[in-house]
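Here the structure comes first, spelled out in structure tokens, and everything after it is commentary.
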Amino acid sequence: ASGRPHALLTLAVAGWFRYLSGVDEHGEPILVEDQLVETLQSRAREGREDPRPLLRLTGLFGDLAGNEPFVISLAEALRLLYTRGARATLAHYLASGEG
């Protein structure tokens with residue numbers, strides 16, 4: 001909202017969303033421990049590369065689901081995490097020099 005760089009923060013949120021799917025890059029299960037695990041995991045799997053199902057959770061993300069530039073950036077980060085993996089995605093973000 002303030003117009004400051006947020007690429008790495010967006011990537012961190014995308015990483016958490018990817019983790020919530022409960023499956024790693026090799027198809028192995030990830031134990032997600034959270035009081036809302038069923039809801040979070042269901043939304044993460046439903047959305048996959050679309051962050052909107054998780055962003056729409058009441059009380060967690062405020063009005064971020066309505067911030068289209070953020071949603072687009074988050075969706076791109078998720079797409080990269082699902083298609084390239086965590087290491088390659090992080091390298092991409094670090095090489096871009098965006099904050």
Side-chain angles (χ1 to χ4, degrees):
S2 68
R4 295 186 310 203
H6 57 82
L8 294 177
L9 181 56
T10 301
L11 178 59
V13 174
W16 184 55
F17 281 19
R18 174 68 179 88
Y19 159 79
L20 289 174
S21 73
V23 180
D24 72 14
E25 296 172 2
H26 307 288
E28 297 296 321
I30 299 171
L31 178 61
V32 178
E33 294 188 38
D34 192 287
Q35 292 176 341
L36 300 174
V37 67
E38 291 179 21
T39 301
L40 293 170
Q41 207 162 56
S42 170
R43 298 276 180 110
R45 289 175 178 172
E46 173 190 341
R48 190 165 161 92
E49 295 175 20
D50 179 1
R52 288 174 186 90
L54 278 165
L55 289 175
R56 289 186 185 123
L57 281 172
T58 305
L60 285 181
F61 297 100
D63 61 355
L64 281 177
N67 184 325
E68 197 60 23
F70 175 73
V71 172
I72 290 168
S73 296
L74 186 54
E76 175 62 11
L78 278 167
R79 185 188 69 76
L80 290 173
L81 286 170
Y82 275 105
T83 59
R84 294 186 183 178
R87 287 180 193 259
T89 300
L90 181 58
H92 169 80
Y93 273 76
L94 293 175
S96 75
E98 295 179 31

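- Shown here for Ser73 and Tyr93, the closest heavy-atom pair between the two residues is O-OH, 4.2 Å.
- Put simply, CG on Asp63 and CZ on Phe70 are 11.0 Å apart, with the number rounded to the nearest 0.5 Å.
- Under the 3.5 Å distance criterion, the side-chain polar atoms of Arg18 are matched with a main-chain donor or acceptor of Val23.
- Under the 30°/60° scheme for interplanar angles, the aromatic rings of Trp16 and Phe61 are found to be tilted.
- Surrounding CG of Asp34 are more than 12 heavy atoms belonging to other residues, nucleotides or ligands, all under 6.0 Å away.
- Contact annotation: the side chain of Glu76 never approaches that of Thr10 to less than 4.5 Å [non-hydrogen atoms, C-beta and beyond].
- For Ala86, the side-chain contact (heavy atoms from CB on, under 4.5 Å) partners two or more places apart in sequence, or in a different chain, are Glu25, Leu81.
- Across Tyr19 and Ile30, no two heavy atoms sit closer than the pair CE1-CG2, 3.4 Å.
- Of all the heavy atoms in Phe17 and Ala44, the pair that sits closest is O-CB, 3.8 Å.
- In this structure, Thr39 OG1 and Leu20 CG are separated by 11.0 Å, a value rounded to the nearest 0.5 Å.
- Across every non-hydrogen atom of Arg43 and Pro53, the tightest pair is NH1-O, 2.8 Å.
- Looking only at side-chain heavy atoms (C-beta outward), Leu57 and Leu40 come within less than 4.5 Å of each other.
- Side-chain heavy atoms closer than 4.5 Å link hydrophobic residues (I, L, V, M, F, W, Y) into clusters, and following such links, even through other members, never connects Leu94 to Leu74.
- The backbone N or O of Thr89 lies less than 3.5 Å from no partner atom in the side chain of Arg84, so there is not a single donor-acceptor pair.
- Between Glu38 and Arg45, none of the side-chain N atoms (NZ, or NE/NH1/NH2) sits under 4.0 Å from a carboxylate O, so this pair counts as no salt bridge.
- Of all non-hydrogen atoms in Glu33 and Leu31, the two that sit nearest each other are OE2-CD2, 3.3 Å.
- Applying the side-chain contact (heavy atoms from CB on, under 4.5 Å) test between Pro51 and each of Val13, Val71, Leu64 identifies Val71 as the sole match.
- Rounding to the nearest 0.5 Å places CG of Leu8 at 8.0 Å from CG of Leu90.
- Leu54 and Ile72 end up in different hydrophobic clusters when Ile, Leu, Val, Met, Phe, Trp and Tyr side chains are linked at under 4.5 Å.
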